[in-house]
Amino acid sequence: MKNKIYSSFANAVKDIENNSTIMVGGFGLCGNPENLINAIYVKGIKNITLISNNCGTTKYGLGILLNNNQIRKIIASYVGENTTFENQFLSGDLEVELVPQGTLAEKIRSGGAGIPAFYTNAGVGTLVEDGGIPMKYNKNGQIIKSSIKKEYKIFSSIKYLMETTLKADVALIKAYKSDSFGNLVFRKSSRNFNSIMCSAAKNTIVEVEHIVDNIDPDEIHVSGIYVDRILEGKNYKKRIERLTTREKI
Amino acid sequence: MSLTREEMAQRAAKELKDGYIINLGIGMPTMVANYIPKNINVMLQSENGILGMGPFPYSGEEDPDLINAGKETITVLERASYFSSAESFSMIRNKYIDLAILGAMQVSGSADIANWLIPGKMVKGMGGGMDLVAGAKRIIVIMDHCTKSNKPKILNKCTLPLTGRNCVDLIITNLGVFKFKKEGGLHLIEIVENINIEYIKKYTECEFTIDNEIKKI
């Protein structure tokens, strides 16, 4: 059996080319593949089309790829935590495709399930249906590209929009543990987009906190069939975007 | 006197029923969790993949792998579960969420809601808002009655891009509570003590009906 375990993050991303479409797991900074994002940053891969729910913060997560001008286009549902993003978008350096979060998740899930398109009622009667969401600006801050009108179909008297699915060249995933085949277990809410991206990319690279000998098959969240490369990461920073606590009474 | 944010959240909490699965939006709606009646059991869903969310953690016990959709550190209660974003929105899309409480920039007299984009300002994205208004069984909007410059937010027609059409069931503002009637149209059902109906009419662009004897909040 092919050995999927890599010891070097640099080697694991060595063959990723410029102009790649890359899915990156996480919800904000929660469940980000920190070491893989850093390896992409160090290698300086350019013109990335990024598929991720968010784009990190100004300083952390995917934000470091933005700061380094490595991203050409991002497909996301919410990008409000990042001022670099705003500057690059409004100055025409970055193209953005905004997708309702559930639709984004299903575009990825169905992409990984071999389904080319599906229908959903999210966004009916909004700019998601009608088109006109700004996607790209020019240097003078004028909109030069907007989203286009979507096809629809009526099922049982309810209107649904057709959404095409997403696939990627590479998926960068963070899981909690893995065995040597790449069977994965996630931890708490860091599963988010990570689990569904595994099956939607040609090359799925997963970093975990622990590579273990055996995982109870009943416990596995994602089968190793979808996983191409596995790395054990060290010293996870796991930054918190909004630390909220209560006092002990 | 108009209601404070806490009082609006308290009023919204009265809409919760035993057994409800609830999704609370970011901001003021999150505060509703502080006023869940003691005699009922509800479960809070967070669209990043949690059912059974609890309060904020004690200081020092926060876990970066456990956050809500507002990216705040949280805890879970007994009987909680974790799942992927795709499954989370399957729950939402397929009507397993009994109630979503959301903020809004504008609501129209035909129950449209706008809460994601101001043209000319920075585009931030709709997040899960469009999915929620299209999928939850009941939608309550909790918002100030007027904008910061004292303009009505309940309008004949939303001027901002919509999040969803004909989907709002109840509006709770700092001045009163409105429901959308089954046959269409807005109906004022409760009013804040010492606020008169003429005042509400002045600051509500669209028409609404009123009971003969209106309840005080």
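Side-chain atoms are counted along with the backbone in the values below, which use heavy atoms only and exclude waters and symmetry mates. In what follows, every chain begins at residue 1, and chains take the letters A, B, ... in the order their sequences are listed.
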So for [X], is it side chain, backbone, both, or neither that comes closer than 4.5 Å to the heavy atoms of chain B?
X: Ser195(A); value: side chain
X: Val99(A); value: backbone
X: Tyr160(A); value: neither
X: Ile240(A); value: side chain
X: Arg246(A); value: both
X: Ile133(A); value: side chain
X: Tyr236(A); value: neither
X: Asn54(A); value: side chain

Toward chain A, the part of [X] with a non-hydrogen atom under 4.5 Å:
X: Leu132(B); value: neither
X: Leu66(B); value: both
X: Ala80(B); value: neither
X: Asn166(B); value: neither
X: Glu72(B); value: both

Practice problem: Taking Thr165(A) for its side chain and Ile115(A) for its backbone only, find out whether a donor-acceptor pair lies under 3.5 Å. | Solution: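 Here the side-chain-to-backbone pair exists.
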Exercise. Report yes or no: does Asp112(B) contribute a side-chain atom to a donor-acceptor pair with the main-chain N or O of Gly109(B) at less than 3.5 Å?
Key: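 No.
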Do the charged groups of [X] and [Y] touch, with an N to O distance under 4.0 Å?
X: Lys159(A); Y: Glu129(A); value: yes
X: Lys107(A); Y: Glu163(A); value: yes
X: Asp169(B); Y: Lys182(B); value: no
X: Arg191(A); Y: Glu87(B); value: no
X: Lys145(A); Y: Glu95(A); value: yes
X: Glu232(A); Y: Lys234(A); value: yes

Quiz item: So, Asp131(B) and Gln101(A): side-chain donor and acceptor under 3.5 Å apart, yes or no?
Solution: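 No.
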